[in-house]
Participant: 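Here it is: the structure, laid out below.
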Amino acid sequence: MKPRPDLGYALDAAPALLGWLLIHQSPDGLTAGYIVETEAYMASDAASHSYRGKTPRTEVMFGPAGHLYVYFTYGMHYCVNIVTGPAGRGEAVLIRALEPFKGLELMRHRRGNVPDVQLTSGPAKLTKAMGINKTHNGASVLSGGSFRLLPGIKPADIVQTTRIGISRETTKPWRFYIAGNPYVSRL
DNA sequence: TGAGTGATTGACT
DNA sequence: GTCAATCACTCAT
């Protein structure tokens, strides 16, 4: 596997990111997990936060690839994206689920008393388990800060289907997950 | 300035 | 299965 992921266009990067290991070195300790579920949010995509152009909130999406776009939603949850594509396009890949690899004890502590299979099986669950919040918005996964992206496993089979939780562009098959992985948020 | 919505989750019936 | 939690943002007065 390549030393760096292909962050060309979001639609190519979303399946390409499956199997990569996302690592967060926080003051509390290190957590890491394999990416097992992603969604692509494209330029000119009505479901994307970048659809209405660059704003203070979405500024990171319009920056160079390889940075994290972290946003707050439903008054209580964070979700994390990896910005893709040439700077200025406003594309990103939402990380929807991870398979825990390191820092399980810290994840359990952050998530409370839930079964291990539910530690990171959803976009807001994994940010809580990894300790990701809006202070990490704009952090790079390529330039050696507290976040890293390393080659992980090569998925045997990738399933492509429609995205979850959106009300526009609901027929676009821009969600990808590793077939049979128990940490995928929904089938 | 106010109503509506949201890339969700967990608790409850 | 339904629904509340609760804030940032968008769009309509």
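No experiment lies behind these values; they were computed from the predicted model shown. Order of the sequence lines sets the chain letters (A, B, ...), proteins ahead of strands, with each chain counted from 1.
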Participant: Below 4.5 Å, heavy atoms only, C-beta onward: do A/Y34 and A/L98 meet side chain to side chain?
Facilitator: no
Participant: May I have all residue pairs that pass salt bridge (charged side-chain N to carboxylate O under 4.0 Å, His left out) and include part of residues 12-34 of chain A, sequence neighbours excluded?
Facilitator: A/D28-A/R110
Participant: Measure from CZ on A/R168 to P on B/dA7 and round the result to the nearest Å.
Facilitator: 8 Å
Participant: Is there a continuous path of hydrophobic side-chain contacts, each under 4.5 Å between heavy atoms, that joins A/F62 to A/V93?
Facilitator: no
Participant: Using Watson-Crick and G-U wobble pairs with both distances under 3.5 Å, what is the 5'-to-3' dot-bracket string of DNA chain C, with [ ] for crossing pairs and | for pairs outside the strand?
Facilitator: |||||.||||||.
Participant: Quick one, A/L68 and A/N137 - any side-chain contact, counting heavy atoms below 4.5 Å?
Facilitator: no
Participant: Rounding to a whole Å, what distance do you find between A/E169:CD and B/dG6:C1'?
Facilitator: 16 Å
Participant: For atom C1', what is the distance between B/dA7 and C/dG1, given to the nearest Å?
Facilitator: 23 Å
Participant: Within a 6.0 Å radius of atom OH on A/Y51, are there more than 12 heavy atoms belonging to other residues, nucleotides or ligands?
Facilitator: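 12 or below, so no.
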Participant: Could you check whether any side-chain N or O of A/E39 sits under 3.5 Å from a backbone N or O of A/I164, counting only pairs where one atom can act as donor and the other as acceptor?
Facilitator: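 Confirmed, A/E39 side chain pairs with A/I164 backbone.
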Participant: Within the pair A/T73 and C/dA8, is there a side-chain N or O less than 4.0 Å away from OP1 or OP2?
Facilitator: no
Participant: Side chains of A/L21 and A/R148: does their closest heavy-atom pair fall under 4.5 Å?
Facilitator: no
Participant: Can you tell if the side chain of A/Y78 reaches within under 4.5 Å of the side chain of A/K134, non-hydrogen atoms only?
Facilitator: yes
Participant: Contact list please: residues 117-138 of chain A against DNA chain C, heavy atoms, distance less than 4.0 Å, in numerical order.
Facilitator: none
Participant: Which residues within residues 31-64 of chain A lie with some heavy atom under 4.0 Å of an atom in DNA chain C?
Facilitator: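 Result for residues 31-64 of chain A: A/R52, A/T55, A/R57, sorted by number.
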Participant: Give the residues of residues 96-112 of chain A touching DNA chain B, defined as any heavy atom closer than 4.0 Å, sorted by residue number.
Facilitator: A/R96, A/R111
Participant: In the structure I gave you, are the side-chain heavy atoms of A/L142 and A/L7 within less than 4.5 Å of one another anywhere?
Facilitator: yes
Participant: Could you tell me if A/R96 sits above the aromatic ring of A/F176, with its cationic atom closer than 6.0 Å to the ring centre and no more than 45 degrees from the axis?
Facilitator: no
Participant: Would you mind reporting whether A/Y177 and A/I158 have side-chain heavy atoms less than 4.5 Å apart?
Facilitator: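 No, too far: nothing below the 4.5 Å cut-off.
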Participant: Nearest whole angstrom, please: distance from the C1' of B/dA7 to the CZ of A/R186.
Facilitator: 12 Å
Participant: Any side-chain donor paired with an acceptor under 3.5 Å for A/E37 and A/S185?
Facilitator: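 On atom types as modelled, these side chains qualify, holding a pair under 3.5 Å.
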Participant: So, does the side chain of A/Y71 form a donor-acceptor pair with the base of C/dA8 at under 3.5 Å?
Facilitator: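 Absent.
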Participant: Compute the centroid of each ring, for A/H49 and then for A/Y71, and state whether the two points are separated by less than 6.0 Å.
Facilitator: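 Here the rings of A/Y71 and A/H49 have centres that are less than 6.0 Å from each other.
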Participant: Rounded to whole Å, please give me the gap between OH in A/Y78 and P in B/dA7.
Facilitator: 16 Å
Participant: In whole angstrom, what separates A/N81's CG from B/dT8's P?
Facilitator: 11 Å
Participant: Kindly indicate whether the side chain of A/T31, heavy atoms from C-beta on, has any atom under 4.5 Å from the side chain of A/L22.
Facilitator: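 The answer is no; the side chains never approach within 4.5 Å.
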Participant: Contact between A/V60 and A/V83 at the side-chain level, heavy atoms closer than 4.5 Å - yes or no?
Facilitator: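 Yes; the side chains approach each other to less than 4.5 Å.
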Participant: Is the closest basic N to carboxylate O distance between A/R111 and A/D116 below 4.0 Å?
Facilitator: no
Participant: Which atom pairs link the protein and nucleotides 4-6 of chain C when you take only N or O atoms and keep those under 3.5 Å?
Facilitator:
{"unit_1": "C/dT6", "atom_1": "O2", "unit_2": "A/Y74", "atom_2": "O", "d": "2.9"}

